[in-house]
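Below is one structure, written out as structure tokens, with a few remarks after it.
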Amino acid sequence: MAALIIDFSADSDAVARALIGMTLLVGGVGGRIVETEAYDQLDAASHSFSGPTPRNAAMFGPPGRAYVYRSYGIHWCLNLVCREEGHGAGVLIRAMEPTAGLEQMRALRGLTDVRLLCAGPGRVGQALNVDASFNGMRLDRAPFKLLAQPAANAGAETVVVLEGPRIGISKAADLPWRFGEAGSRFLSRRF
DNA sequence: AGTATGATTGCCT
DNA sequence: GGCAATCATACTG
């Protein structure tokens, strides 16, 4: 059984940074992760800040699993749980460079522009067909797949990671826990 | 039981 | 740039 290529027991900001450039597939559909955000229980902006609730239970579960929540009553957002069980940390997948299952993503998103398929957390959820049924699922088993390199390998060029303040939060807004690939055209916003 | 609030997106001016 | 869409969760009474 292949182990995950990332140690999810590390701090969420370290995991969020390490995930940039790695490939995430859900049911064979996905691409390179180009933008993430870290959250932690000791972080006023995190869903886990006020302790466990039915919604955020997955964040307090074992690391290396998915935490999926409904955003603004409309979108599904995908997080990867970090730290140890009971801690309440995770990484939000904010944007990806589509590399696999482009046509399915186009169909689910209802548009053709590759640049807009996964440029934002709600868009990632829709493009990868993620919903509440994925909450708490292990990342080392189907339908999830985490790879060190793109399926259609383009070479081992170094990934330059930018950091900045997180988007759309009101508390702890100064913390530089948003990470992204320098020069990527698939970010939800520029850094 | 009623109300306020988003880790967002897309369409409008 | 402004704002509506839409609903589970959290908070108030």
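These figures come from a predicted structure and were not determined experimentally. The chains referred to below are lettered A, B, ... by the order of the sequence lines, with proteins before strands, and numbering in each begins at 1.
At the heavy-atom level, A:Arg55 lies under 4.0 Å from the strands shown only through sugar-phosphate atoms. A:Ile169 comes within 4.0 angstrom of sugar-phosphate atoms only, judged by non-hydrogen atoms across all strands, and of no base. Among the atoms of the strands shown, only primed sugar atoms or phosphate atoms (P, OP1, OP2) are found under 4.0 Å from some heavy atom of A:Thr53. Among the protein residues, A:Arg189 comes within range of no part of the nucleic acid, since none of its heavy atoms lies under 4.0 Å from any strand.
Between the P atoms of B:dA4 and C:dA4, the separation comes to 15 Å (whole Å).
Residues A:Glu181 and A:Val160 have side chains not in contact (no heavy-atom distance under 4.5 Å, counting atoms from C-beta outward).
Nucleotide C:dA5 holds its C1' atom 14 Å from the CD atom of A:Gln126, rounded to whole Å. For the pair A:Phe49 CZ and C:dC11 C1', the computed distance is 16 Å after rounding to whole Å.
Centroid-to-centroid, the aromatic rings of A:His47 and A:Tyr69 come within less than 6.0 Å.
Contact footprint of chain A on DNA chain B: nucleotides with an atom under 4.0 Å from a non-hydrogen protein atom, first to last in 5' to 3' order, B:dG6 to B:dG10.
No donor-acceptor pair under 3.5 Å is formed between the side chain of A:Asn135 and the backbone N or O of A:Ala132. Listed for the A:Thr36 side chain is a donor-acceptor partner under 3.5 Å among the backbone atoms of A:Ala16.
Here the options are A:Arg115, A:Arg32, A:Arg185, the test is salt bridge (charged side-chain N to carboxylate O under 4.0 Å, His left out), and the partner is A:Glu97; only A:Arg32 passes.
Using a 4.0 Å cut-off between charged nitrogen and carboxylate oxygen, A:Asp140 and A:Arg65 do not count as a salt-bridge pair.
Base-pair partner of C:dT6: not found among the strands shown (Watson-Crick or G-U wobble, both distances under 3.5 Å).
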